[in-house]
Amino acid sequence: MCGIVGSISTKTNIIPILLDGLKTLEYRGYDSAGLSYIKDGNLTINKVKGRVKDLEKNIKKDAFSNIGIAHTRWATHGKVNEINAHPHHVGKITIVHNGIIENFNKLKHKLEDKGYKFKSESDTEIATGLLDYYYNKYQSIDKAIQKFIKKVDGSYAICLILDNEDAIYVIKKDSPLIIGKGKDENYIASDVPAILKYTKNYYILEDYEYGKVTNEKITIYDKDGNIIKKELKEYQGSTRTSDKGIYEHYMLKEIMEQNTTIRKTIDPYISSINDLLKLPDLTKYERIDIIACGTAMYAGLAAKYLFEEYTNTKCEVFLASEYRYQNNFLNDKVLSIFISQSGETADTLAALKKVKENKCDSLGIVNVKESSIARNIDKVLYTEAGTEIAVASTKAYTAQVALLSTLILAHAYRKQIFKEEKIIKILEEFKNIDQILKPILENTDLYKKIADEIYEKNDIFYIGRGLDYALAMEGALKLKEISYIHSEAYAAGELKHGTISLITQGTPVFASATNKKINSKTISNLKEVISRGAKCYLITDEDFKDNSIQLIKIKKVSMFLKPILTVIPYQLIAYYTAKLKGCDIDKPRNLAKSVTVE
Ligand code: AGP
C-alpha cells in the first residue's frame with residue numbers, strides 16, 4: 001500500500017500540494033518517497049530512500065510547476081532503495097503506482113525482447129515500459145491505457161504524466177484512487193484526506209476506469225474509452241486533521257481517547273431497547289461468517305465467542321487472505337460480516353467480492369467513511385473511532401468490539417434469549433464505559449514497570465481460553481508490531497502440547513482470565529509455565545492472589561465489555577515496551593496502515 005498524490009493547476013505551484021499530500025498519506029507506507037513535475041517542457045524527478053521529510057530537503061527552494069505526481073512507498077517488489085522508489089520513467093511516460101502487477105515477469109521479458117532495458121527491480125517500472133511501448137505503437141495515450149488494462153493482471157492505482165502534455169492520466173483496478181475537483185486546479189490521491197485542504201469534492205474511480213485530468217477538466221472513461229458520467233461526491237468525514245496534542249505518539253493519544261471513541265460509536269444504540277433495535281435484524285441467518293485481517297480479525301474472534309455463547313448462533317471467523325481461496329459454503333442463510341478500519345484492505349475487499357458474486361448478504365463494520373468496502377457492501381455500520389493514524393490499531397479495535405457487542409446484544413434480545421432487564425443492565429454498563437475504563441487507562445505506572453521487565457526479552461507468550469484466547473492474539477500482535485519482540489499467542493490449554501519447550505527461565509507469559517467458568521484452567525496453565533521458569537502476568541477481574549504472578553486487575557463487567565477492558569493493558573504494555581526500545585511507534589518498520597496489496 002502506497003500513497004499517491006497528483007495535482008495540475010492553471011497558476012498555483014503544485015509542489016507544496018504534492019508534499020503536503022504525501023505527509024497525510026505517509027501512514028500508507030514510508031519506505032521511500034518521490035515526486036516528478038514538468039516545468040517549461042522539462043521533466044524533473046526527485047526520489048529518496050526514506051521519509052517525505054527527506055524528500056522535502058531534496059527539492060530546490062525555487063522549484064515551481066503547475067503539474068506533478070508524487071508517491072510514498074511500501075515496498076512490494078524490490079528492495080527499499082532510491083532506484084526502486086517511484087516515480088518511474090520510461091521513454092515519454094512517468095508514473096507512480098500503488099498495487100502489484102502480477103504478470104510483470106512475462107511483460108518484462110516481452111519488453112526486453114523489444115529492446116527495453118530496465119534499471120530497477122520494481123514491477124512499476126515494467127508497467128511504465130508497457131505504457132510507453134503502446135504509446136509509441138498507437139501514438140495515443142488513450143489506446144495505450146486501454147491496451148494496458150487488457151494486458152495487465154494484478155492491482156493498480158496509477159498516476160501518469162507524459163513528457164509533452166499538460167494533463168495527468170489515472171488508471172484504477174483494485175487499489176483506491178480518487179480525483180479531487182478544485183477551482184482552476186484538480187487533484188488525484190489514494191485517499192481523500194490527502195487533498196481535504198484544497199477540496200471536499202471528488203470522484204471515485206471504479207475498477208477498469210481511467211481518466212484524463214487537466215487544470216480545467218476531468219474526463220472519466222470506461223475500459224473501452226467511452227466517457228462515463230460519475231457522481232461528484234462531497235466528503236462527509238471530519239476535515240479536522242488530527243494532531244498528537246499533549247501526547248508523544250499518535251498511538252498513545254488513540255489509546256487514551258478510547259473512552260470517548262467507544263461511546264461515540266455505540267451512543268446511537270444504547271439509550272434504550274428501541275435504539276438498540278435500530279441495529280440490523282440477524283434472526284433470519286443460521287450462520288454468521290466474519291472475515292477480516294489482523295487486528296480486525298481478532299475483533300471478529302471476540303465477537304464469535306459472544307455470538308455463540310449468548311445468541312446460540314454459529315459463527316465462523318476467517319482470515320480474508322485464506323477465505324477467498326476456500327470453499328465457503330455460502331447460502332441465503334449466511335450473513336458475512338466484514339470488519340475493516342481502513343475499508344481498503346485488499347484481502348478483505350477480495351473476499352467481499354466473492355460473497356457478492358455468490359449473491360449472499362454482507363454487512364460491514366468499517367471506520368473510514370466512503371471507503372471501498374463501505375461503498376461495495378450491502379449494509380455498513382460505521383465505527384466512530386475517528387482517523388486512526390498510528391499503524392498499530394487500538395481505538396478502531398475497541399470500537400469494532402463495542403459495535404459488534406451491541407449488534408450481538410440486539411440479536412440476543414430478538415431471539416428472546418435475553419430478557420429486557422438483562423439488556424437494560426448491560427446497556428447501563430455501556431453508558432458508563434468512560435468511568436469503567438478510567439482506572440485501567442490511568443494504571444500506567446504498572447504498565448511501565450512491566451515494560452521495564454520485558455523490553456529486553458526475545459520471546460514473549462500470550463495465552464488465554466475462549467474469549468481470552470482472542471485477546472491473547474491481539475495482545476501479541478500489538479507487542480510484536482511496534483516493539484519488534486517476537487511474541488506469540490497460544491490457546492492456554494495448547495501450550496503444553498509442544499510450545500512449552502520454548503519456556504525458559506524468565507520467559508514472560510501474559511494471560512487473561514475473565515471467564516469464571518474456565519479461569520481455574522488458565523491459572524493451572526500459568527502454574528505449568530511458572531514451574532519451568534516463566535515470569536507470569538495475569539489480567540483478571542477475579543479476586544486472585546498469588547505472589548508468583550503479577551496481577552493486572554480489571555473491574556467485573558458483563559462479557560460484552562470484557563474484551564475492551566482486557567485489551568487496554570495489552571495496548572499500553574506494548575506501547576511502553578516499544579518506547580523503552582526506542583522504536584518508531586507510530587510508523588513501525590516494514591508496516592503500513594492500510595494494506596491495499598495482497
Ligand atoms: C493492526 O494493528 C495492524 N496494523 C493490522 O493487522 C490491521 O489490523 C490489518 O491490516 C487490517 O486492517 P483494516 O482493519 O484496515 O482492514
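As the structure lists them, so they are numbered: ligands from 1, and atoms in each ligand from 1.
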Between [X] and [Y], is the ring centre distance below 6.0 Å?
{"X": "Y576", "Y": "Y447", "result": "no"}
{"X": "Y469", "Y": "Y305", "result": "no"}
{"X": "F510", "Y": "F461", "result": "no"}

Residue contacts for ligand 1, heavy atom to ligand atom, distance under 4.0 Å: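 Within 4.0 Å of ligand 1, the protein residues are C293, G294, T295, A296, S340, Q341, S342, T345, V391, A392, S393, L477, K478, E481, V595.
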Face-on cation placement of K535 at Y537 ring, 6.0 Å and 45° thresholds: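 Because its charged atom sits under 6.0 Å from the ring centre and within 45° of the axis, K535 does stack over Y537.
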K233 to Y203 six-membered ring, cation-pi geometry met (6.0 Å, 45°): no
T313 side chain to T311 side chain, donor-acceptor N/O pair below 3.5 angstrom: yes
